[in-house]
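Basis for what follows: all heavy atoms, side chains included, without hydrogens, waters or symmetry-related copies.
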Amino acid sequence: MLQLSYIQENKEEVLRKLAIKNFHNSDLIHDIISLDQKRKETQKSLDDNLARANSLAKEVGKLFKEGRREEANAIKEETANLKHDNKELAGALEIISKELNELLLDVPNIPHESVKAGKGEEDNEILVEEGKIPATDEKALPHWELASKYKIIDFKLGSKVTGAGFPFYRGKGAKLQRALISFFLDEAIASGYEEFQPPLFVNEDSAYGTGQLPDKEGQMYHIGEDRLYPIPTAEVPITNIYRDVILKEDELPVKNVAYSSCFRREAGSYGKDVRGLNRLHQFDKVEIVQIQHPERSYETLEEMKDHAAGLLKKLGLPYRILRLCGGDLSFTSALTYDFEVYSAAQKRWLEVSSVSNFENYQANRMKLRFKGKGKTQLAHTLNGSALALPRIVAALLENNQTEKGIEIPEVLVPYTGFEVID
RNA sequence: GGAGAGGUGGGUGAGUGGCUGAAACCACCGGUUUGCUAAACCGGCAUGCCUGUCAAAGGGUAUCGGGGGUUCGAAUCCCCCCCUCUCCGCCA
């Protein structure tokens, strides 16, 4: 969430910039500011009362020691009144703080100055388009047909055993998954990331920490009995490592990479866009996360963008990089680059990565700070997929299909141990 | 799952009702000393909120796993929860 002090001091700017995200609720901002005023006043009265009570308590102690019983008892009466008032004030303060916090959670992150206004997807800006788009071949099969032709992914089995959106990978398909994961991890490690294997379930605090709760509750599975949530992305456990942490400035940047399965309910999704591997309830992803000094976070964002682009280049997939417009930018992001690969048989672009700078929005919510010579301040958090597997697999299958079978990109051969799926 | 022990500042660890936001030591930072390093010595060293200020200093308040209670007063007493360790059971 945004910092209260920042909203206080830059009200007009906040409103102007939020408009780029199509957020026009100026009442909310006004309410926040006036409620905060009330919070301060209440806090002040409470603190004053507590100070009084503390000094009275000391006096009572002193009087008792000196054996001045009656005087002490007289003071106790005043204390009783104070105590009553304090209870009320503390109660009021709690209600105000809670409400204030809820209002703050309703304010999205401020977009970076490079973000252009726009309604949605159609207004995203294409920054880069790399690689040759394969000539359209009418005989080209979509990946779901290739999957069954070569017996490498079985959607029906998945439906039987679990449900739609939970495929089985088998044979060379399973090996290809494993190869991609290893390849992505090795590339990240070579770029200085530390590998983590996170828990696949997180608790409520963590779900709040990265903002899945309360806004995206319906997206996550929920294990009610144990109050745990299967992670929708490794970002959740990895970023939450640093919840309530004060790093030393020289520990920055923190660079973590994690492979994990991801679980998403995808409620409301349907139609041909979700066919095959295009949208799953369970999928694999390698995620990179960085925690960086505010002054350097945009350099870091570029570095992460280049990292993701490098992977696609090495895999030989045609891709493009989009800078999301205000309307398509997520609630918590200040700037996001989306990566899409072209999938030859479906003749469409598929999103395979999203690299974002959240500035201090997440950090403020989870109190992730760093301390150098100066004051303790909020860090910036960034993350990105590098990469999400299913659509990469879809594109590889569709783009690399030949008469002889599916050709494996050279960089993956050391990992798969075979050059063709046939 | 059953039984027991325990959770104090970055770490070790003292503290069983007021003088304790918390001893001591270590780590860390600054300084003195020093040919360099080391040692020694001196000083500093939590976080949130409120107040104050151009900024600060300063002041107030809260925080000793989390929540609630007893008391004029709680790290210290009571209750609930969480976590860690040991033993037993079960098990990849």
Participant: Mind checking whether A/R296 and A/H293 have side chains closer than 4.5 Å, heavy atoms only?
Facilitator: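 Of all side-chain heavy-atom pairs linking A/H293 with A/R296, at least one is under 4.5 Å.
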
Participant: Could you state the CG-P distance from A/D47 to B/C49, rounded to the nearest angstrom?
Facilitator: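 From A/D47 CG to B/C49 P: 13 Å.
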
Participant: Would you kindly compare A/E41 and A/A53 by the position of their nearest RNA chain B nucleotide and give the one closer to the 5′ end?
Facilitator: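 Of the two residues, A/E41 wins.
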
Participant: Does B/G43 have a Watson-Crick or wobble partner in any strand here, with both distances under 3.5 angstrom, and which is it?
Facilitator: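 The answer is B/C29, by the H-bond criterion.
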
Participant: Could you let me know what B/C91 is paired to, Watson-Crick or G-U wobble, both distances under 3.5 Å, or none if it's on its own?
Facilitator: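 Here B/C91 is not engaged in any pair, so there is no nucleotide opposite it.
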
Participant: Would you indicate which nucleotide in B/C72, B/U61, B/C50 comes nearest to any side-chain atom of A/F64?
Facilitator: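 The answer is B/C72.
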
Participant: Under 3.5 Å, is there a donor on one side chain and an acceptor on the other for A/E398 and A/H143?
Facilitator: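 Short answer, yes.
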
Participant: Now, which nucleotide makes the Watson-Crick or G-U wobble pair with B/U61, with each of the two distances under 3.5 Å?
Facilitator: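 Answer to the pairing question: B/G48, which forms a Watson-Crick or G-U pair with B/U61.
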
Participant: Just the rounded figure in Å: distance from C1' of B/A46 to CD of A/Q377.
Facilitator: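 Taking atom C1' of B/A46 as the reference, CD of A/Q377 is at 18 Å.
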
Participant: Students often get this wrong, so: under 4.0 angstrom with heavy atoms, is A/K44 touching a base, only sugar-phosphate, or nothing?
Facilitator: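 The residue A/K44 makes sugar-phosphate contact but no base contact.
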
Participant: Starting from P on B/U63, measure out to NZ on A/K367 and report it in whole angstrom.
Facilitator: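 My rounded result for the distance is 17 Å.
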
Participant: Of the listed nucleotides (B/G18, B/U71, B/U51), which one gets closest to any side-chain atom of A/K83?
Facilitator: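 Of B/G18, B/U71, B/U51, B/U71 is nearest to the side chain of A/K83.
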
Participant: Would A/K248 count as a cation-pi partner of A/F370, with NZ or CZ less than 6.0 Å from the six-membered ring centre and within 45° of the ring normal?
Facilitator: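 No, a cation-pi geometry is absent between A/K248 and A/F370.
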
Participant: Closer to the 5' end of RNA chain B via nearest nucleotide, is it A/T79 or A/K248?
Facilitator: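 This one resolves to A/K248.
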
Participant: Using the salt bridge (charged side-chain N to carboxylate O under 4.0 Å, His left out) criterion, which residues pair with A/E235? Sequence neighbours excluded.
Facilitator: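 Salt bridge (charged side-chain N to carboxylate O under 4.0 Å, His left out) check on A/E235 returns nothing, list empty.
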
Participant: Using whole Å, what does the distance between atom P of nucleotide B/G73 and atom CD1 of A/I75 come to?
Facilitator: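 So the two atoms are 13 Å apart, to the nearest Å.
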
Participant: Using Watson-Crick or G-U wobble geometry with both distances below 3.5 Å, tell me the partner of B/G4, or none.
Facilitator: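 Pair assignment: B/G4 / B/C85.
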
Participant: A/K371 NZ to B/A46 C1': how many Å, rounded?
Facilitator: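 That distance rounds to 7 Å.
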
Participant: Is A/L56 touching bases, backbone alone, or none of the nucleic acid, heavy atoms closer than 4.0 Å?
Facilitator: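 Since no nucleic acid heavy atom lies under 4.0 Å of A/L56, the category is nothing.
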
Participant: Which whole-number value in Å describes the distance from A/N203 CG to B/C81 P?
Facilitator: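 Rounded to whole Å, this separation is 19 Å.
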
Participant: Let's test this: given Watson-Crick or G-U wobble pairing with both distances under 3.5 Å, identify the partner of B/G9.
Facilitator: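 Pairing partner, where one exists within any strand: none, as none qualifies.
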
Participant: Can you tell me, in whole Å, how much space there is between the C1' of B/C72 and that of B/G4?
Facilitator: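 The answer is 38 Å between these two C1' atoms.
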
Participant: When rounded to the nearest Å, what value does the distance between P atoms of B/G68 and B/A56 take?
Facilitator: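 Approximately 32 Å lies between the P atom of B/G68 and that of B/A56.
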
Participant: Across all strands, who's sitting opposite B/A56 as a Watson-Crick or G-U wobble pair, both distances under 3.5 Å?
Facilitator: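 Pairing partner, where one exists within any strand: none, as none qualifies.
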
Participant: From the options B/U51, B/U47, B/G60, select the nucleotide whose nearest atom is closest to the side chain of A/I246.
Facilitator: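 From the listed options, B/U47 comes nearest.
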
Participant: Under a 3.5 Å cut-off for both distances, is B/G18 Watson-Crick or wobble paired, and to whom?
Facilitator: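 Matched B/G18 with B/C72 under the 3.5 Å cut-off.
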
Participant: Just how far, in rounded Å, is C1' of B/G21 from CG of A/N54?
Facilitator: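 Rounded to whole Å, this separation is 13 Å.
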
Participant: Does the side chain of A/T239 reach to within under 4.5 Å of the side chain of A/I291, using non-hydrogen atoms?
Facilitator: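 SC-SC contact between A/T239 and A/I291 ruled out.
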
Participant: Any side-chain N or O of A/R39 less than 4.0 Å from the OP1 or OP2 oxygen of B/C50?
Facilitator: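 It does, given that an N or O in the side chain of A/R39 lies less than 4.0 Å from OP1 or OP2 of B/C50.
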
Participant: For A/E94 and B/C49, give me the distance from atom CD to atom P, rounded to whole Å.
Facilitator: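 Atom-to-atom, A/E94 to B/C49, this comes out as 17 Å.
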
Participant: Compare the minimum distances between each of B/G69, B/U61, B/G48 and the side chain of A/R369, then state the nucleotide with the smallest one.
Facilitator: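 Output: B/G48.
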
Participant: If you draw a 6.0 Å radius around CD in A/E249, do more than 12 non-hydrogen atoms from other residues or ligands fall strictly inside?
Facilitator: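 More than 12 within 6.0 Å, yes.
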
